[in-house]
Amino acid sequence: RGWRVTLGYGGAAKSYAAVIHEGRTPGKRPPPSKAIEPWVKKKLGVPADEVAGVAFVVARSIGKKGTRPTKFLERPLNAAAAGMAARMAKRIRAQMERK
């Protein structure tokens, strides 16, 4: 007698989403520097011939220092949760009245 909602994420961003949401523990293996290269190009404006080296240094720093969790999956859910039960009940009632 109740509701259960399961949310998830998947596809190509699955492993990336989990790390960004939960953060990365300091002292762990660094992320692959190849994955950081597009960010280095876009955010740091590094010349093309230096991108790989800078990406390596950034990856090594992430491995040593870790990253903070962003909770980007949790925040929108918590914001939407306020009043969710009432909205769901209203829609269910409307559907049941139509039948």
Side-chain angles (χ1 to χ4, degrees):
R1 303 202 115 221
W3 289 85
R4 179 178 292 174
V5 177
T6 303
L7 301 171
Y9 53 90
K14 181 171 61 175
S15 60
Y16 173 77
V19 172
I20 297 301
H21 181 77
E22 295 297 338
R24 187 179 280 272
T25 306
K28 298 285 183 173
R29 193 169 136 207
S33 59
K34 197 81 169 155
I36 296 171
E37 288 181 11
W39 181 87
V40 168
K41 287 179 194 174
K42 183 178 180 180
K43 297 289 185 177
L44 302 182
V46 174
D49 61 332
E50 296 178 21
V51 168
V54 172
F56 175 80
V57 172
V58 170
R60 186 175 59 190
S61 177
I62 291 171
K64 286 180 182 178
K65 298 176 184 176
T67 58
R68 288 184 175 160
T70 65
K71 302 297 184 187
F72 82 98
L73 298 168
E74 194 173 321
R75 274 191 258 121
L77 176 64
N78 289 339
M84 187 181 293
R87 290 191 304 272
M88 289 172 65
K90 180 180 176 182
R91 288 192 174 134
I92 291 168
R93 223 178 350 268
Q95 288 296 316
M96 291 177 73
E97 290 172 359
R98 292 171 79 186
K99 293 182 179 189

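The analysis underlying the following values was restricted to heavy atoms, covering all of them including side chains, and did not include hydrogens, waters or symmetry mates. Quick caveat, the model's predicted, so the values are computed rather than measured.
At distances below 3.5 Å, not a single donor-acceptor pair connects side-chain atoms of T67 with backbone N or O atoms of G23. Distance alone, capped at 3.5 Å, places no donor-acceptor pair between the R68 side chain and the R24 backbone. One N or O on the side chain of T70 and one on the backbone of I20 form a donor-acceptor pair closer than 3.5 Å.
Nearest heavy atom pair, residue S33 against residue A55, reads O-CB, 3.4 Å. Scanning both residues, L44 and V54, for their nearest heavy atoms gives CD1-CG1, 3.9 Å. Taking all atoms of both residues into account, the shortest heavy-atom contact from G63 to P31 is N-CD, 4.3 Å. Across all their heavy atoms, F72 and A17 have their closest contact at CE2-O, 3.6 Å. In terms of heavy atoms, E22 sits closest to K71 at OE1-NZ, 3.0 Å. Listed here is the closest heavy atom pair of K65 and P26: O-CG, 3.3 Å.
Taking CD from E37 and NZ from K42, the interatomic distance works out to 16.0 Å, rounded to the nearest 0.5 Å.
Each of W39 and F56 belongs to its own hydrophobic cluster when Ile, Leu, Val, Met, Phe, Trp and Tyr are linked at side-chain heavy-atom distances under 4.5 angstrom.
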